[in-house]
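Just so we're clear, the structure is a prediction, and the values are computed from it rather than from any experiment.
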Amino acid sequence: PGHGGIPRHLPVTGTSWAVRAPMPTPRSGLVAIAIGAKIYALGGSDAAGNPLATVEIYDTSSNTWTTVTGLGIAGPRADFCTVSPDSQHVPLVGGHDNLGETTAVPISDLLDLTIVGQFANAMPTVQDGHPACVQVGSGSTAQVYALGGSAASGGPVDANSLLDWRTGTWSSAPVLPAAREGVTGAALNGEVYALGGRDGTGVDVTANEVYDPATGLWRTRAALPAPR
């Protein structure tokens, strides 16, 4: 990904990329979330690796960016994840702040597009290193799973942290079959998929594991064609 600020757009029905208006602030390790016709670019790190609290909004209809000065996130944050359970509130999950990974704490904040707040309790464990956020359900019944990531001292974790959107509280769910960071995830038919990532030896993996919230069990599915 690097630290460039030029977004590229691939139409769902197209076969080529189009270059759009560049993001005002070059950064990596950020997250982006689409709400309506706008994309919110949150946090990330600058070229020197310093976490940022920057919030910039891209309007897809006008191809323009706005730097938000009154809606900064709670503090500098990078390598975290997010979803939007109700198209208004955005949980900022895991990652690390400007104190660095070695002093990271289980952090989670709530950005509701007008104010910044805190959840009722902190995440059960540190999940830096780009954990995956996966949302099952929507609105007040949404459940948000934070999968994998890295520990404060470095190295991948097998954490599976669960945010109950109705109560705003965190708890621990059954852990991943194998620890890994940089994992990505998806929800399908009420189940949670954990795909790829990097293991404790620094090697990319082909893992494809599925968690069923109804049974509390993980199962292994067909591996990715290539490690990543």
Side-chain angles (χ1 to χ4, degrees), residues 1-4 7-10 12 17 27-35 39-45 51 77-85 90-96 101 104 106-108 123-138 142-151 154-163 165 170 172-213 217-228:
H3 291 270
R8 288 173 170 79
H9 166 245
L10 178 64
V12 174
W17 288 90
R27 44 189 162 141
S28 65
L30 72 161
V31 299
I33 185 77
I35 300 177
I39 298 174
Y40 290 71
L42 310 170
S45 298
R77 181 83 64 87
D79 296 337
F80 57 110
C81 65
T82 191
V83 290
S84 183
V90 181
L92 310 179
V93 178
H96 64 273
E101 294 182 1
I107 46 180
S108 57
M123 296 177 67
T125 186
V126 171
Q127 288 179 257
D128 194 4
H130 273 302
C133 281
V134 180
Q135 174 186 326
V136 176
S138 61
Q143 304 283 298
V144 179
Y145 293 85
L147 309 173
S150 60
V157 297
D158 60 3
N160 179 11
S161 300
L162 172 61
L163 171 64
W165 194 244
W170 285 95
S172 295
V175 299
L176 278 70
R180 56 195 195 272
E181 59 187 342
V183 63
T184 193
L188 182 65
N189 298 326
E191 296 185 313
V192 178
Y193 286 73
L195 305 168
R198 185 175 297 113
D199 66 17
T201 66
V203 175
D204 291 346
V205 299
T206 59
N208 176 11
E209 296 158 345
V210 187
Y211 174 69
D212 184 348
L217 298 175
W218 284 91
R219 66 186 189 277
T220 300
R221 305 293 287 173
L224 295 172
R228 44 183 163 152

All heavy atoms of Ser45 vs all of Ala78, minimum pair found to be OG-CB, 3.2 Å

Assess the residue pair Leu217 and Asp212 against the criterion (side chain to side chain contact (heavy atoms under 4.5 Å, CB included)); give the C-alpha distance rounded to whole Å, side-chain angles, the decisive distance to 0.1 Å, and a yes or no. CA-CA 6 Å; Leu217 298 175; Asp212 184 348; 5.6 Å; no

Taking side chain as C-beta onward, heavy atoms only, is Asn160 less than 4.5 Å from Val192? no

With the side chain counted from C-beta on, respond yes when Tyr145 and Pro213 share a heavy-atom pair under 4.5 Å apart, and no when they do not. yes

Taking every heavy atom of Leu30 against every heavy atom of His130, the minimum-distance pair comes out as O-CE1, 4.1 Å

From Gln127 CD over to Asp79 CG, what is the distance, rounded to the nearest 0.5 angstrom? 13.0 Å

Between the side chains of Glu191 and Arg219, is the shortest nitrogen-to-carboxylate-oxygen separation below 4.0 Å, so that they form an ion pair? yes

Smallest heavy-atom separation, Val183 atom then Leu195 atom, equals CG2-O, 3.4 Å

Closest approach of Glu209 and Pro177, non-hydrogen atoms and distance? OE1-CD, 3.3 Å

Out of curiosity, Cys81 SG to Ile33 CD1, how far, rounded to the nearest 0.5 Å? 10.0 Å

Close side-chain approach of Val134 and Tyr193, heavy atoms under 4.5 Å: no

CH2 of Trp218 to CG of Asp158, rounded to nearest 0.5 Å, is 10.0 Å

What's the shortest heavy-atom distance between Thr125 and Ser161, and which atoms? CG2-OG, 4.2 Å

Val203 side chain reached by Pro227 side chain, heavy atoms, under 4.5 Å: no

Any donor-acceptor pair under 3.5 Å linking the side chain of Arg180 with the backbone of Gly196? yes

Nearest atoms (heavy-atom pairs only) where Val93 meets Arg77: N-NH1, 4.0 Å

Inter-residue atom distance Ser150.OG - Arg198.CZ, 0.5 Å rounding: 10.5 Å

